Protein chains: 2
Amino acid sequence: MKNDPKRKIYTEILKTKGYKLTAPRLLVLDVFLQNRKPLNADFVYEKVRTKKTDRVTVYRTLKIFESARVIHQVNLKKDSVFFELTKDHHHHIVCLECGLIEDFDACTIDQLAKNVISKSPYFSSIDHHSLELFAICKKCNKG
Amino acid sequence: MKNDPKRKIYTEILKTKGYKLTAPRLLVLDVFLQNRKPLNADFVYEKVRTKKTDRVTVYRTLKIFESARVIHQVNLKKDSVFFELTKDHHHHIVCLECGLIEDFDACTIDQLAKNVISKSPYFSSIDHHSLELFAICKKCNKG
DNA sequence: ACACTAATTGCAAATCATTTGCAATTAGTG
DNA sequence: CACTAATTGCAAATGATTTGCAATTAGTGT
Ligand SMILES: [Mn+2]
Ligand SMILES: [Mn+2]
Ligand SMILES: [Zn+2]
Ligand SMILES: [Zn+2]
């Protein structure tokens with residue numbers, strides 16, 4: 001949404017890093033703001049193709065957003081790569097059989113991360129983390 | 001190694017699930033037992049190609065091992081998919097710049113997982129989890 | 001040990017996601 | 001409004017993974 005308060009945050013990040021705010025980039029950003037779940041290139045492309053935006057541009061935009069830390073990859077064990085907005089942090093339980101995804105917010109990683117960092121010879125801070133749970137859902141357990 | 005005590009555990013799992021213990025499958029299993037880190041198809045193939053094992057067979061074997069829960073995918077944000085042995089559970093800090101990987105074992109997910117499960121309408125137990133930390137390593141922070 | 005059969009393999013070709021080269025277009029600056 | 005580097009679209013290339021199919025083989029039972 002154009003009126004999402006987070007929209008400005010992300011556009012500012014992009015500007016600060018020296019990226020131009022082009023039409024395709026704003027379109028892709030809005031797809032993420034309007035679909036609060038992990039998205040892959042194909043999903044994004046289907047949403048912007050009508051507006052004369054090429055598939056290649058989607059891929060390149062995802063790369064730029066990733067390097068600007070506007071989005072980051074989510075590990076869902078699917079065939080293609082999924083991304084979500086950096087500031088929409090949450091996690092998932094994924095069914096190993098049918099792919100059902102449930103979100104959850106509770107996350108106690110920060111303390112664990114501190115411990116790990118304090119012992120690490122190579123790292124001194126964490127940028128972000130990925131935590132996903134995998135299971136067989138109740139429905140698949142019966143079938 | 002033929003003498004790794006875990007080897008029998010994995011071969012029993014495969015037998016129980018009805019998979020034949022073929023030469024290529026044992027070769028691939030041994031590659032995982034001898035290289036305790038996340039491996040992709042190409043790494044495995046390079047280790048077994050001398051022994052007349054096709055790349056396709058490696059891919060098919062990885063699929064079978066995954067469905068038998070002998071290995072599972074690890075999210076490292078690389079171009080190809082990485083796997084590790086299910087019973088070698090540990091986690092990673094990955095440098096977003098240079099790709100440096102550091103292992104760590106400490107993991108307090110079990111309690112968190114219990115909480116999540118107790119509130120979930122769709123899931124009643126966790127099979128396994130994926131937890132990776134992403135950061136810029138000390139070296140890359142300078143350069 | 002030998003025969004049987006379904007599972008597995010290797011090879012070649014196909015497919016799918018993602019990347020690259022390049023000429024045309026455009027955002028941001030002054 | 002002009003300038004210029006960044007960005008885009010199209011077509012072709014690449015790289016990973018998958019599929020079809022005939023030949024081979026593990027596991028089962030004789
Ligand atoms: Mn998430
Ligand atoms: Mn691990
Ligand atoms: Zn399910
Ligand atoms: Zn680094």
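Residue numbers start from 1 in every chain, and the chains themselves are labelled A, B, ... in the order their sequence lines are given, proteins ahead of strands. Excluded from the calculations below are hydrogen atoms, water molecules and symmetry mates; all remaining heavy atoms, backbone and side chain alike, are included. Remember, it's a predicted structure, so these values are computed and weren't measured experimentally.
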(message) ring-ring contact (aromatic ring centres under 6.0 Å, His included) for B:H129 and B:H91? Distances and angles first, verdict last.
(response) CA-CA 10 Å; B:H129 63 266; B:H91 302 286; 5.0 Å; yes
(message) To the nearest 0.5 Å, what is the distance between CD1 on A:I93 and CD1 on A:I101?
(response) 11.0 Å
(request) Look at the side-chain N and O atoms of B:T22 and state whether any lies under 4.0 Å from the OP1 or OP2 oxygen of C:dT9. (result) yes
(message) When you measure from the side chain of B:T11 to the backbone of B:R7, do you find a donor-acceptor pair of N or O atoms at a distance under 3.5 Å?
(response) yes
(request) Ignoring backbone atoms, test whether A:Y59 places a side-chain nitrogen or oxygen under 4.0 Å from the OP1 or OP2 oxygen of C:dT18. (result) yes
(message) What is the distance, to the nearest angstrom, from the CG atom on A:L26 to the C1' atom on C:dT26?
(response) 14 Å
(message) Assuming nearest nucleotide by heavy-atom distance, tell me which of B:K20 and A:K15 is located more 5' along DNA chain C.
(response) B:K20
(request) Tell me the stems DNA chain C sits in, counting at least three consecutive Watson-Crick or G-U wobble pairs, each under 3.5 Å on both distances. (result) C:1-30 with D:1-30
(message) Taking the minimum atom-to-atom distance to the side chain of B:T57, which one of C:dT8, D:dT8, C:dG10 wins?
(response) C:dG10
(request) Go through the structure and list residues passing side chain to side chain donor-acceptor pair (under 3.5 Å) with A:Y19, not counting sequence neighbours. (result) A:S67
(message) Taking 4.0 Å as the cut-off, does a side-chain nitrogen or oxygen of A:R25 come that near to OP1 or OP2 on D:dT8?
(response) yes
(message) Quick check on DNA chain D: between B:R55 and A:T61, whose nearest nucleotide comes earlier from the 5' end?
(response) A:T61
(request) Would you please confirm or rule out a distance under 4.0 Å between OP1 or OP2 of C:dT18 and any side-chain N or O of A:K63? (result) no
(message) Here's a test for you: under side chain to side chain contact (heavy atoms under 4.5 Å, CB included), which of A:H90, A:R36, A:Q73 qualifies with A:E84?
(response) A:H90
